[in-house]
Protein chains: 2
Amino acid sequence: MTTLREVAAAAGVSMATVSRALAGSTIVAARTRERVSQIAAELDYQPNRAARQLVTGRGQAIGLVVPDLQNAFYASVATGMQRRVRAAGLNAMIGDTDEDPARELEVLSQLAMVCDGAVLASSRTSDADLAEVAGRTRVVLVNRVLEGVPAVVGDNADGMAQAVAHLAALGHTRIGYAGGPATSWSDARRREGLATAARRELTADGVVDLGAFRPGSAGGIAAADRALANGVTAILAFNDQLALGILGRLADRGVAVPQQMSVVGFDDVPVARLLAPPLTTVSVPALEMGSAAVDLLLSSEEPATRVLPVELQVRRSTAEPARHSGRT
Amino acid sequence: MTTLREVAAAAGVSMATVSRALAGSTIVAARTRERVSQIAAELDYQPNRAARQLVTGRGQAIGLVVPDLQNAFYASVATGMQRRVRAAGLNAMIGDTDEDPARELEVLSQLAMVCDGAVLASSRTSDADLAEVAGRTRVVLVNRVLEGVPAVVGDNADGMAQAVAHLAALGHTRIGYAGGPATSWSDARRREGLATAARRELTADGVVDLGAFRPGSAGGIAAADRALANGVTAILAFNDQLALGILGRLADRGVAVPQQMSVVGFDDVPVARLLAPPLTTVSVPALEMGSAAVDLLLSSEEPATRVLPVELQVRRSTAEPARHSGRT
DNA sequence: TTGAAAGCGCTAACAT
DNA sequence: ATGTTAGCGCTTTCAA
């Protein structure tokens, strides 16, 4: 590894001049700067990040904490985040918490030691703890809002409104909501949006709360069974991960989608369109959320909440309800 | 931030003693160690990683380079890798290359600056470049083998043998192989395994090379169309990502799976079982590959290649071929 | 415009 | 068993 000192020696100038030249400082003579840059390149000089961080205090990486990388939504957020970070010449560090809220702070503080800041996706940490962390570390939230902390979120209420409007237009009058984890901020927002939309489009008992489920196939089984027991004609799932599980269970139980049951997801993960039937779902710009979060982290503006638009993708997992589900 | 110096002052000992005590060195008196640890805890002392790295040379993180985090297989490798890394008290840094082989070295060298070592998954870099990198940085390969570099791979040949045996037993005599990227090491191994198995189970023209495709839905469309044009009764896909695209295209073209076409994938990503029909595929222990790679990286043994067993999961995307596919 | 010098927080010889 | 000391590679005052 070539060091600054070696470059300085080769160029016949001081270390300070090399440091300034390489940083592009204008106070160093243009000719000197050029020569130094060239020699540094020849020697294949790579600055030692640890040394730089030690003296500047500023790090070289940005962290991302997600509940589960295997959820395609978070994989997309990670991809978007990572592209932006790399474009800024920094590194991305990613940690997942295995859907365990308790591990969130642990992972974050571990990342924070080497990171300038971190993006926290779908945090389930309490407001108080979160505020405390945000006080110590530069943090941007994704899919969560907290006063004074910058955040990027999808328009949850509007997404639910679109989904309900679509189902109502098809003629559904009893819709089941398969909720996400109880501590999920997005789930709370989606429930609110759902309630508002339901008041507008449906009768009082138009929405049935199926309960709270862990995204994944286990949760999907429970959710689908509850939906069937409740006699709803459509299921609105908290996210695609859960909708996937629901679809699987319905297929196992011989329930035809969309003929006997309509299913709507949320997120529009890439596989959604490849399922049979292709899943009707609310498309959330996950890649953009990741990059926008990095922008917020890197910019020095006031903490702001960026709400990204979402859009229902109508595919083939939704249709008119069966006329007489009992007969025929 | 509390520093070592402050802890030393508070404890009334030298910095060196604190350093040793906190490192758990046995040469420091037990009582001293205890007192120092307690004071450090009271002061909420957190060692500065940059300073430590600067002096020891050893970093604090382990890197992972994958072609595409949105491919569920790599997301699983990342998860497995990450759990192991965190269990070792280190951080994981993940970078993806957007399936661009050229970016691989770039991402790796960026990660290498702050990492003790890196796991390189499905590298498509040339042997020469890879050997050069492995000389500079501690590297473990996943899904790639190179003399002198530790590696974790799935048993590609055996996987193909199982898949071919399954299809042959069902009565298929013309199988199309939808290959992966030309520079993919696993694709080459899978082709070899396929050829060997075909010699044993099928006639000379039993396997049709459909070509090389990029995993994803675009590649799947091309692959499915080629398969249909070639009159094969079964498609063996390089990986699930590609199989997903194939399934999607077949559905679009009204080809019933498995009645008119059988499809077999490779990897067994979590959604494979949730597709309609559930995908028959070769299960590869992705999580384990990730953690095994970290083990290899952290251990100081001789470079070894760990071959992990794979197992065909027969689901419902495969069946006997139609008797007379032309008629009826 | 350039250089000298003082650390950033920590570890590891070496000395006691 | 503990302390002293000399840096790790870099940035950044301060002085020239």
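Residue numbers begin at 1 in each chain, while the letters A, B, ... track the order of the sequences.
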Undergrad: Whether B/Asp96 and B/Arg103 form a salt bridge (side-chain N of Lys/Arg under 4.0 Å from carboxylate O of Asp/Glu) is what I want to check.
TA: no
Undergrad: Starting from C1' on D/dC8, measure out to CZ on A/Arg5 and report it in whole angstrom.
TA: 10 Å
Undergrad: Between C/dT2, C/dC10, C/dG7, which one does the side chain of A/Val28 approach most closely?
TA: C/dT2
Undergrad: Rounding to a whole Å, what distance do you find between A/Arg49:CZ and D/dT11:C1'?
TA: 16 Å
Undergrad: With a 4.0 Å cut-off on N to O distance, would you call A/Arg306 and A/Asp295 a salt bridge?
TA: no
Undergrad: By nearest atom, which of the nucleotides D/dT2, D/dC10, C/dC10 is closest to the A/Arg52 side chain?
TA: D/dC10
Undergrad: Indicate yes or no: does B/Arg189 engage B/Asp155 in a salt bridge with an N to O separation below 4.0 Å.
TA: no
Undergrad: Side chain of A/Val55 only, please: which of D/dG3, C/dG3, D/dC10 is the nearest?
TA: D/dC10
Undergrad: To the nearest angstrom, how far is B/Leu54 atom CG from C/dG9 atom P?
TA: 12 Å
Undergrad: Nearest of D/dC10, D/dG7, C/dG3 to any side-chain atom of A/Arg20?
TA: C/dG3
Undergrad: How close or far is atom C1' of C/dC8 from atom CD of A/Gln53, stated in whole angstroms?
TA: 11 Å
Undergrad: Among the nucleotides D/dT4, D/dA1, D/dT12, which one has an atom lying closest to any side-chain atom of B/Ser14?
TA: D/dT4
Undergrad: Taking CE from A/Met15 and C1' from D/dT11, how many angstroms apart are they, rounded to a whole number?
TA: 9 Å
Undergrad: Figure out the CG/P separation between B/Asn48 and C/dG7, and round it to whole Å.
TA: 18 Å
Undergrad: Go through D/dT11, D/dT4, C/dC10 for me and flag the one nearest to the B/Tyr45 side chain.
TA: C/dC10
Undergrad: Go nucleotide by nucleotide along DNA chain D from the 5' end; which of B/Ala51 and B/Thr26 gets its closest nucleotide reached first?
TA: B/Thr26
Undergrad: Could you state the interatomic distance from CZ (A/Arg144) to OG1 (A/Thr305), rounded to the nearest 0.5 Å?
TA: 12.0 Å
Undergrad: Using whole Å, report how far CD1 of A/Ile27 lies from P of C/dT2.
TA: 9 Å
Undergrad: Which of these nucleotides, D/dG9, D/dT2, C/dC10, is closest to any side-chain atom of B/Ala29?
TA: D/dT2
Undergrad: Select base, sugar-phosphate, or nothing to describe what B/Ala16 touches, counting heavy atoms under 4.0 Å on all strands.
TA: base
Undergrad: Roughly how many Å is it from CZ in A/Arg31 to P in C/dT1, rounded to a whole number?
TA: 13 Å
Undergrad: I want to check one thing: is the phosphate of D/dG9, taken as OP1 and OP2, less than 4.0 Å away from some side-chain N or O of A/Thr3?
TA: no
Undergrad: Taking the nucleotide of DNA chain D with the nearest heavy atom to each, does B/Thr56 or B/Thr17 sit closer to the 5' end?
TA: B/Thr17
Undergrad: Between A/Asp116 and A/Arg138, does any side-chain N to carboxylate O distance fall below 4.0 Å?
TA: no
